[in-house]
Amino acid sequence: MSKLKMDEVIAHRQPMSLLSSIESCCDDSIIAIVNQDGSSFLANENGDVPAWVGIEYMAQAMGAYAGVRSKRLGKPIEKGFLLGTRKFKAYCEVFAKGQTLKVTATQELLDTSGVSLFRCTIHYENQLLAEGAIKGIQPSSDMKLFL
């Protein structure tokens with residue numbers, strides 16, 4: 001999976017594509033990498049990214065998981081939407097410039113409407129920096145979604 005480019009598995013493009021690569025993906029989870037090099041448009045003057053951006057890292061990991069699964073099935077990459085988060089906790093103020101973050105997303109629920117729930121964590125080395133439950137939807141192409 002690490003040979004896949006992020007734009008092959010998620011609908012996001014620069015500058016909103018925040019993940020750097022995929023470390024691994026299995027039947028129910030993915031580990032994505034964020035090379036926090038300070039170049040993100042979300043970074044402050046020191047190159048650090050606020051910890052609340054972790055929610056988007058987690059959501060994009062979910063999207064990458066769905067994209068990898070679609071690729072494996074020979075299906076096109078579909079857009080998904082973040083519905084919200086429960087119990088998001090950040091144990092740091094920022095993701096510091098120079099950190100390589102591991103974003104793990106494990107699917108716990110997928111219903112027939114396309115709604116899914118993932119338990120997610122963000123680690124730097126062996127330190128837990130953030131965790132949460134993220135809910136999203138990937139509606140089928142024939143489903144009308146009113147936003």
Side-chain angles (χ1 to χ4, degrees), residues 1-2 4 6-73 77-140 143-147:
M1 288 303 110
S2 60
L4 288 174
M6 292 312 300
D7 65 0
E8 293 180 282
V9 295
I10 62 172
H12 289 76
R13 298 295 177 258
Q14 293 300 330
M16 279 307 300
S17 180
L18 303 178
L19 304 178
S20 302
S21 61
I22 297 169
E23 181 175 288
S24 63
C25 188
C26 63
D27 289 341
D28 66 348
S29 67
I30 190 167
I31 299 173
I33 301 298
V34 176
N35 293 318
Q36 214 305 74
D37 62 8
S39 66
S40 172
F41 76 98
L42 296 165
N44 65 20
E45 62 278 356
N46 299 322
D48 301 332
V49 173
W52 56 262
V53 175
I55 296 169
E56 183 63 20
Y57 291 159
M58 293 172 180
Q60 287 193 22
M62 290 169 55
Y65 169 83
V68 169
R69 293 196 45 117
S70 292
K71 284 285 239 191
R72 285 180 180 166
L73 297 171
I77 304 303
E78 300 286 344
K79 289 183 181 177
F81 301 92
L82 173 65
L83 294 177
T85 181
R86 289 182 40 91
K87 301 179 183 178
F88 176 78
K89 293 180 186 175
Y91 303 106
C92 60
E93 293 291 319
V94 297
F95 300 120
K97 180 179 177 181
Q99 290 180 324
T100 298
L101 307 174
K102 285 191 179 187
V103 183
T104 302
T106 303
Q107 187 174 52
E108 294 196 342
L109 170 78
L110 175 62
D111 73 17
T112 56
S113 69
V115 172
S116 60
L117 175 70
F118 283 74
R119 295 279 175 202
C120 301
T121 60
I122 299 175
H123 283 84
Y124 170 62
E125 296 179 347
N126 292 324
Q127 182 181 5
L128 177 64
L129 300 181
E131 62 184 332
I134 307 291
K135 190 182 288 187
I137 186 168
Q138 189 173 38
S140 63
M143 177 189 266
K144 299 240 187 255
L145 189 64
F146 299 96
L147 299 175

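Bear in mind that the values here come from a model prediction, so they are computed numbers and not experimental data.
Minimum interatomic distance between Ile10 and Gly63 (heavy atoms only, all atoms of both residues): CG2-C, 3.6 Å. Residue Val103 comes nearest to Ala61 through the heavy atom pair CG1-CB, 3.8 Å, listed as atom of the first residue, atom of the second, then distance. The two residues Phe88 and Ala51 come nearest to each other via the heavy atoms CZ-O, 3.7 Å. Across all their heavy atoms, Leu82 and Ala59 have their closest contact at CD1-CB, 4.1 Å. Closest approach of Leu19 and Ala64 over heavy atoms only: CD1-CB, 4.4 Å.
The shortest side-chain heavy-atom distance between Leu129 and Gln127 falls under the 4.5 Å cut-off. Under the 4.5 Å side-chain criterion, counting only non-hydrogen atoms from C-beta, Lys135 is not in contact with Arg86. Side chains of Cys120 and Glu131 form no contact here, defined as non-hydrogen atoms less than 4.5 Å apart. Contact of the Thr100 side chain with the Ile33 side chain is registered, since non-hydrogen atoms from C-beta on lie closer than 4.5 Å.
The backbone N or O of Glu78 lies less than 3.5 Å from a partner atom in the side chain of Gln138, making a donor-acceptor pair. Distance alone, capped at 3.5 Å, places no donor-acceptor pair between the Arg69 side chain and the Asp28 backbone. For the pair Thr85 (side chain) and Ala133 (backbone), a donor-acceptor distance under 3.5 Å is present. For the pair Gln60 (side chain) and Leu18 (backbone), a donor-acceptor distance under 3.5 Å is present.
Looking at Tyr124 and Gln36, their side chains never bring a donor and an acceptor atom within 3.5 Å of each other.
With respect to the salt-bridge test (charged N to carboxylate O, under 4.0 angstrom), the residues Glu108 and Arg119 qualify.
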Show your reasoning for whether side chain to side chain contact (heavy atoms under 4.5 Å, CB included) applies to Ser116 and Gln107. CA-CA 7 Å; Ser116 60; Gln107 187 174 52; 3.8 Å; yes

Show the numbers, then the answer: is there a side chain to side chain contact (heavy atoms under 4.5 Å, CB included) between Tyr91 and Leu128? CA-CA 7 Å; Tyr91 303 106; Leu128 177 64; 3.8 Å; yes

Side chain to side chain contact (heavy atoms under 4.5 Å, CB included) assessment of Ile134 paired with Ile55: CA-CA 8 Å; Ile134 307 291; Ile55 296 169; 4.3 Å; yes

Between Asn46 and Lys97, does the side chain to side chain contact (heavy atoms under 4.5 Å, CB included) criterion hold? Intermediate values first, please. CA-CA 7 Å; Asn46 299 322; Lys97 180 179 177 181; over 6 Å; no

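The line from CE of Met58 to OG1 of Thr104 is 9.5 Å long, rounded to the nearest 0.5 Å. A distance of 10.5 Å separates CD1 of Ile122 from CD of Gln99, quoted to the nearest 0.5 Å. Glu125 CD to Leu101 CG: the interatomic distance, rounded to the nearest 0.5 Å, is 10.5 Å. Cys25 SG to Ile31 CD1: the interatomic distance, rounded to the nearest 0.5 Å, is 9.5 Å.
Under the side chain to side chain donor-acceptor pair (under 3.5 Å) criterion, Asn126 pairs with no residue, sequence neighbours left out.
Ring planes of Tyr57 and Phe95: tilted class, angle from 30 to 60°.
Listed by first and then second residue, the salt bridge (Lys or Arg N to Asp or Glu O under 4.0 Å) pairs that reach into residues 36-52 come to none, sequence neighbours excluded.
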